[in-house]
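Worth knowing before you read on, the calculation uses all heavy atoms, side chains too, and leaves out hydrogens, waters and symmetry mates. Note that ligands are numbered from 1 as they come in the structure, with each ligand's atoms numbered from 1 the same way.
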Amino acid sequence: MPKRVIFTADALKETYGQAIYGRISALGLPIEIAKNNRITGLRGADERETYRLAKNTLAIVNAPPSAFRLQPIPPSADWQMNLAEGCPAHCQYCYLAGSLSGPPVVRAYANLPKMLEHTATYEGTYPPNRSWQGNESNRPTTFEVSCYTDVLGIEHLTGGLAECIRYFGARPEDSRGHGQLRFVSKYDQVDSLLELPHNGQTRARMSLNTDSIARRLEGGTASVEARLQGLRKLALPKELGGGGYPIGVVIAPIMPIPDWREHYAALLDRIAEVIDFPCDMNAEFISHRFTPGSKNILMSWYPNTSLEMDETQRAEKRNKFGGTKYVYRPEEMKQMKAFFYAEWQKRFPDAPVLYWT
Ligand code: SF4
């Protein structure tokens with residue numbers, strides 16, 4: 001629950017903004033209206049205080065016009081569409097550090113229905129990212145909605161994920177290929193999603209890791225066991241009280257901690273125990289990486305972190321824009337990748353691995 005909720009005047013002019021207003025009022029949270037559409041008062045005396053103030057603030061705003069120009073998001077999906085930016089959790093490796101500018105406030109978009117309608121213009125288009133999606137020209141175009149937030153972490157406040165699931169569930173299939181939604185979360189409040197008419201057009205994924213990594217580095221999230229139980233509910237057929245969703249397991253960020261094989265094998269065993277029925281499932285494996293910029297920000301947010309970000313232990317990778325990121329060394333990567341593919345396929349022969357990165 002945020003301590004502070006601010007609506008911009010423009011956001012309140014949107015029907016969906018009004019719906020969020022209704023939800024927040026019903027929860028009894030104090031609401032401020034920013035008449036000039038500016039969110040202020042997020043800066044504290046130092047970085048720590050700014051972080052604390054921002055993480056406790058939910059702003060309901062209209063997404064700027066730039067948010068309607070979708071960006072490719074390889075290898076996860078074709079396009080990213082953000083229903084919000086910012087996240088209430090406290091992962092010490094947070095992917096948002098260095099990606100979003102300014103204090104890490106959660107901004108949820110009141111003009112989401114317009115953004116959703118606009119995705120129709122991207123259906124049947126495929127940026128150059130066909131790693132796991134194949135080359136056929138009429139396959140569904142995939143939209144990733146959780147790049148810049150944890151969608152379930154704010155769902156009780158906004159209902160935005162349900163809006164998206166309903167929208168994609170109602171998209172007609174046509175010759176150009178329709179749209180499919182993908183989301184991922186570290187929370188387990190899935191009950192409000194189970195009855196939605198998703199029509200198989202949303203893949204619901206959970207981000208998982210070893211218990212030790214989750215407990216040490218993923219503050220404010222649901223436990224790994226709770227996430228797994230949430231995933232089970234999402235996947236169970238509707239007639240058994242579940243959501244009947246296609247599901248996915250995202251193991252991230254993978255780290256070669258001491259005895260990593262045992263720890264990750266225990267996680268895979270537990271997934272097999274919990275998802276013990278046939279379902280449409282696949283897997284994504286993402287190893288830990290950081291950039292000079294994200295390290296700086298994370299060190300200001302979590303100065304005492306035990307997260308390993310030692311450049312001398314890593315391999316340096318440059319992207320086409322000249323940016324640097326630090327990944328594990330090739331030999332280490334090779335061993336981890338081979339382990340995950342083999343151990344996954346042994347337990348889940350019918351659940352394809354989409355990629356390792
Ligand atoms: Fe960052 Fe994702 Fe953790 Fe939220 S759940 S703090 S976005 S890594």
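Distance check for C87 against atom 4 (Fe) of ligand 1: an N/O/S atom falls below 2.8 Å. Among the backbone and side-chain atoms of H90, no N/O/S atom is found under 2.8 Å from atom 3 (Fe) of ligand 1.
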Check against side chain to side chain contact (heavy atoms under 4.5 Å, CB included), C164 and L112: CA-CA 8 Å; C164 297; L112 175 63; 4.2 Å; yes
Trace of the salt bridge (Lys or Arg N to Asp or Glu O under 4.0 Å) decision for R270 with E225: CA-CA 9 Å; R270 187 65 194 138; E225 181 60 26; 2.7 Å; yes
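Protein heavy atom closest to atom 8 (S) of ligand 1, with residue, atom name and distance, is K186 NZ, 3.5 Å. Residue, atom and distance of the protein heavy atom nearest to atom 1 (Fe) of ligand 1 are C94 SG, 2.3 Å.
When the heavy atoms of G219, P88, C91 are ranked by distance to atom 6 (S) of ligand 1, first place goes to C91.
Between R318 and E316 a salt bridge is recorded (basic side-chain N to carboxylate O distance below 4.0 Å).
For ligand 1, the atoms closer than 4.0 angstrom to any heavy atom of L96 are 7 (S). Close contacts between ligand 1 and Y95 involve ligand atoms 8 (S) [criterion: under 4.0 Å to a heavy atom]. Ligand-side atoms of ligand 1 in range of A89: 4 (Fe), 6 (S), range being under 4.0 angstrom from any heavy atom.
No option in F285, W260, W356 other than W260 meets the ring pair (Phe, Tyr, Trp, His ring centres under 6.0 Å) test with F339. Checking each of R4, R38, K3 against E32 for a salt bridge (charged side-chain N to carboxylate O under 4.0 Å, His left out) leaves exactly one that passes, namely R4.
Sparse packing is recorded around OH of Y21, with 12 or fewer heavy atoms of other residues, nucleotides or ligands lying under 6.0 Å away.
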